[in-house]
Amino acid sequence: MTGNSDKIRSLFLTALMVFSVFAGTVAFSGGAAAAANVSVEQAAEYDSGTVELALNGSTGSAVPRGNIDVYIDGNENPGNYNVSSVDGTDDGTTGRLEFSLDQDVQPNRNLTVKVTGLSGGDGTVVAQDIDVTSETITTTGTNDTDLNAFRGEVIAVENTSADNVNNGPSIEVDADSVVLSDSYTDNSEVYTVDTSDLDTGEDYTISVNNNEEAVVTVSDLSLEVNIDDDVGDGANIDDTDTLAVNVSTNRGGEPANATLFNEDDDKVATIVKNLQGNENVVFDFGNQSADDSPYYVKVTDNQTGVSAESDQINVSESDDGDASFETSTVQDEIGDVSNITVQMSNTEDAVINVGSQEDDNYYIQGQLTDEDGDGEVTVQFNSYTAGTNNNNTVLSVPGDDDLDDVEEGGSFTGSRAALDEDVLEAGSYSMNVTAGTSPDVTSPDNVGTLRLNENSVENMRTWVAPSDADIDDEDIDIYDRIGENLTRSDDVAAEDLVVHEIEASGIEGALEYEQEDNGSSDVTEAFIAAADTTPDRINDDSSASGLRLYVNRTDVGANADEDPVNFTNSSDAVTVVDDPDNNTYFVALDTSDVEFESGNTITGEEDTALNATFSVQEGPLSDDSTSESALYTTSERNAELNLDEDGFVTVGAAAGQTVSGDTNVAPGSELEVEMESESEANPFVLRPEATVGPNGTYTATADFSEYSAGTNFTVQTLDVDGDSDFSDEEDGRIVEADTATVSISDQESDGSEVVVDSAQLSSGGFIVIHDGSLLDGDVEGSVIGNSEYLEAGTYNDITVTLDEPMDENFTAIAMPHLDTNGNEAYDFPGADGPYTSNGSAVTDSANVTVSAEEPEDTPEDTPEDTPEDTPEDTPEDTPEDTPMDTETETTAAEGPGFTAAIALIALVAAALLAVRRDN
């Protein structure tokens, strides 16, 4: 007895064969003109532009090519698809009409052929929706073809001896079993195989008359059409939103047609773009009317004919749009770039006006588009360039939003022809904004005020940074450098960076102009271009902006002119970091690359006194000159090692030994401390690294546990560049390692002090209390108190007063510290490091419970009996089945034959039901 699975398999294969026969003829049902003596049984385009019409009889006489009309996508006889020739034998008299076109028809095109001049009726037959194939296999009797096809492609199998054979040669397509079995149509040499229903990843053998002709490997093109908010406004939009889809495929570089259809399946628009492998390509159809909603988009790969459709896109009528200012009053200074934020509701478009012809003798207007769909557009107004007719510089929009149709006018615009003429006057300028695109604004949605104040130079001071600091690294905010490698100072070590912090308003517009319109590649080039840096021209008009920066050497002696920095020859020494939102600009000068106009440079052999001045001169930006200066000195780089009272660098024969010193180089600089043995019995050269701290101290840590006490060595500090002359060479010695013990117990405290049970110090020092919650990774920051200086010896019950009272429980870490510089004052960090054992600090910890003092004579409250609430039973909600939301609507690729596939599914379902009933 045959099992159910065998019955199902048999029925499924039968359904596939029925579907194959149906698919081969469905395009032509009702397609032939009944009035002619012949009709079209089958038609196909194959082999790069050859068309076959299989008729049900002879035309009686040869069909001339002039009687053949070709329609491509409904266009009659397009010039590039002319009929070039008709086959000399198969000219219709054999029951087969074969002709050639000037070029191949792509599978995504719709092909229709009309033949006229035939006998009977109106003498016309029409073949519609002809199968356009992407590949052609010509039978040879042997398998000599391996073909890769994407599922959905239509393949032609040509057999030149098949056209006059009744019940023409059989054709089979099989993988593990036969999935298609059929025969050629009478008067046809071409059989078409639609791969839409074949499985991807399978190899299929095509056989004709039991001869294997080709093996076809079927792949998935993975053509997908997605609707999501990243490309448009989703599947539910209004008539002011963008209708767009994302299209992706696993093969790139080939063109595809995206066609928008309305609710009546009428074509609205078609866009052709090249697809990109595994990347989304946006097909943007703009705004669409709600009258023809809903819409859908069908995308067809031109080369294969594989297509995919989007889900339904619903378009509704929009509410009235509205536009407004986020802030009704925007304040800034003349010469700066003002940020004006426009908020939009139910619209993507708005018109903004700044200024008034009547009140201000100046106005500028622009058309805004909220392209990124976030409901707002930030408009930047550059008051420095206002009135120069350089519209793109005056009004601009950053990011993905758009600004178009900018118009500047008013008598002020006509009078200002150059940047060195007066800018807008300080004062209040009207603003208005209106939803829509009409430039004729009579009733604006919202009004506001742009208040432009006088600019000024407020302050100037200097900072120092290490010589190798990359001060304009975009990954590190300039303010995050403070305390790390940027330190306030007016004493600069030669070769370090001096950073001039300038607080000034009204210069942002000039810098933006230099970058956006005058060719400066970055803010540094823009600053140098905008600011005159030559002091002997301080009162002339060489700088259009009126900005001045000069740095003079002032210690030139009597009866001599100041020696200014030649910024032209020192351009590599300058780096500018701007913070226009806070009217602050950092101008870094590398002292190792500075050249003065005299030709002299800054060297470490002598101190150099400098005066830096930044000013806004009387001119286009200001009616009065304002300036600020900073004085500083450069000096020779040096470092001094810390010595003990005997004049030695003393370390113990243990791990974790520290050597410290002081230096004038910029905090954050990396140094090395070189220690070289003078003993042949214990030779060593150690070079531990050290980082200069905020107060100019540095500490290097080295392991001396492998060397004997009594060994002498030399010590010197090496500069960043390895300069051995950076510090004097000092003598060092290894002694027996200092030892210490400490013990502390859990205790209660009022938070102002803790008690250490006991401690033993071999060389004297301090008992330091660290907060355990802060100690990990921040030894310095965790110190909350220290004892007075303790001589070498053993101690009990040591009370340590905390720097600030603690107001909650904490973990106290007791840690003995050395007095490394012998001054009996606690100087950690930099000196006075902790006692160590096996390379780790000696510590003990305890929990400290902080308890407040009890209040006096406080009566006890007598609590009243409080009835307990009896919770009511709360019925559990029974969740209803909720369909899962899908963020991105995706339609997988589908090729020709989709309607027939539905019929196939119905057939298989009926067959399964029959099998079930039989059992």
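The figures here come from the full heavy-atom set of this structure, side chains too, leaving out hydrogens, waters and symmetry mates.
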Would you confirm whether Tyr204, through its side chain, and Asp199, through its main-chain N or O, come within 3.5 Å as a donor-acceptor pair?
yes
Start with the C-alpha distance between Ser207 and Glu212, add both sets of side-chain angles, then the distance that settles side chain to side chain donor-acceptor pair (under 3.5 Å), and finish with yes or no.
CA-CA 4 Å; Ser207 301; Glu212 294 185 358; 5.1 Å; no
Considering only distance and modelled atom types, tabulate donor-acceptor pairs under 3.5 Å from the side chains of residues 61-69, sequence neighbours left out.
from	atom 1	to	atom 2	distance (Å)
Arg65	NH1	Val83	O	3.0
Asn67	ND2	Thr116	O	3.2
Asp69	OD1	Asn77	ND2	3.0

By the salt bridge (charged side-chain N to carboxylate O under 4.0 Å, His left out) test, which pairs, at least two apart or in different chains, include something from residues 273-283?
none
Strictly by salt bridge (charged side-chain N to carboxylate O under 4.0 Å, His left out), give each pair with a member in residues 76-88 just once, sequence neighbours left out.
none
Atom pair OG1/CD1 of Thr139 and Ile206 - distance to nearest 0.5 Å:
11.5 Å
Please answer whether the main-chain N or O of Val218 pairs with a side-chain N or O of Thr200 as donor and acceptor at a distance below 3.5 Å.
no
Backbone N/O of Val51 and side chain of Glu98: donor-acceptor pair under 3.5 Å
no
Could you pull out all residues at least two apart from Thr304 that satisfy side-chain hydrogen bond (donor to acceptor under 3.5 Å, both in side chains)?
Asp301
Inspect the surroundings of CD in Glu371 and state if more than 12 heavy atoms from other residues, nucleotides or ligands are less than 6.0 Å away.
yes
Selection residues 81-140 - residue pairs positive for ring-ring contact (aromatic ring centres under 6.0 Å, His included), sequence neighbours left out
none
Please name the pair of heavy atoms, one in Glu45 and one in Ile130, separated by the smallest distance, quoted to 0.1 Å.
N-CG2, 3.8 Å
Atom pair CG (Leu221) and OG (Ser307), whose distance is rounded to the nearest 0.5 Å
10.5 Å
Using every non-hydrogen atom in the two residues, find where Gly321 and Thr347 come nearest and quote the distance to one decimal.
CA-CB, 4.0 Å
Results of side-chain hydrogen bond (donor to acceptor under 3.5 Å, both in side chains) for Asp238 - residues two or more places apart only
Thr240
Looking at every non-hydrogen atom in both residues, tell me the closest pair between Thr50 and Ser100 and how far apart they are.
OG1-OG, 4.1 Å
Going by the ring-ring contact (aromatic ring centres under 6.0 Å, His included) test, which pairs reach into residues 112-163, not counting sequence neighbours?
none
Nearest non-hydrogen partners of Gly375 and Asp370, listed with the distance
N-OD2, 2.8 Å
Looking only at atom types and distance, does a side-chain atom of Asn209 sit under 3.5 Å from a main-chain N or O of Asn211, one as donor and one as acceptor?
no
Those residues at least two apart in sequence (or on a different chain) that pass side-chain hydrogen bond (donor to acceptor under 3.5 Å, both in side chains) with Thr369 are Asp349
Give the minimum heavy-atom separation between Ala36 and Val125, together with the two atoms involved.
CB-CG1, 3.8 Å
For Asp47, what residues pass the side-chain hydrogen bond (donor to acceptor under 3.5 Å, both in side chains) criterion, not counting sequence neighbours?
none
With no hydrogens and no angle check, just 3.5 Å: does a side-chain donor-acceptor pair link Tyr191 and Asp182?
yes
Taking atom CG of Asp266 and atom CG of Leu260, what is their separation to the nearest 0.5 Å?
11.0 Å
Any heavy-atom pair between the side chains of Asp402 and Leu368 that's under 4.5 Å?
no
Test side chain to side chain donor-acceptor pair (under 3.5 Å) on Gln42 and Ser188; report intermediate values, then the result.
CA-CA 8 Å; Gln42 177 176 292; Ser188 172; 3.2 Å; yes
Please indicate whether Asn210 has more than 12 foreign heavy atoms, meaning atoms of other residues, nucleotides or ligands, lying under 6.0 Å from its CG.
no
Salt bridge (charged side-chain N to carboxylate O under 4.0 Å, His left out) against Asp73, all qualifying residues, sequence neighbours excluded
Arg109
Can you name the one residue among Thr259, Asn302, Thr300 that meets side-chain hydrogen bond (donor to acceptor under 3.5 Å, both in side chains) with Asn108?
Asn302
Is there a donor-acceptor contact under 3.5 Å from the side chain of Asn287 to the main chain of Asp241?
yes
Determine which pairs satisfy ring-ring contact (aromatic ring centres under 6.0 Å, His included) with at least one residue from residues 278-303, sequence neighbours left out, and list them in order.
Phe261-Tyr296
Would a 4.5 Å heavy-atom cut-off, applied to side chains only, mark Thr205 and Val173 as touching?
no
Counterpart residues, salt bridge (charged side-chain N to carboxylate O under 4.0 Å, His left out), relative to Glu52 (two or more places apart):
Arg96
May I ask you to decide if Gln128's main-chain N or O and Thr112's side chain share a donor-acceptor pair within less than 3.5 Å?
no
For the CG atom of Asn148 and the CD atom of Glu135, what is their distance to the nearest 0.5 Å?
9.0 Å
Which atoms form the tightest heavy-atom contact between Ser183 and Gly168, and what is the distance?
CB-O, 3.4 Å
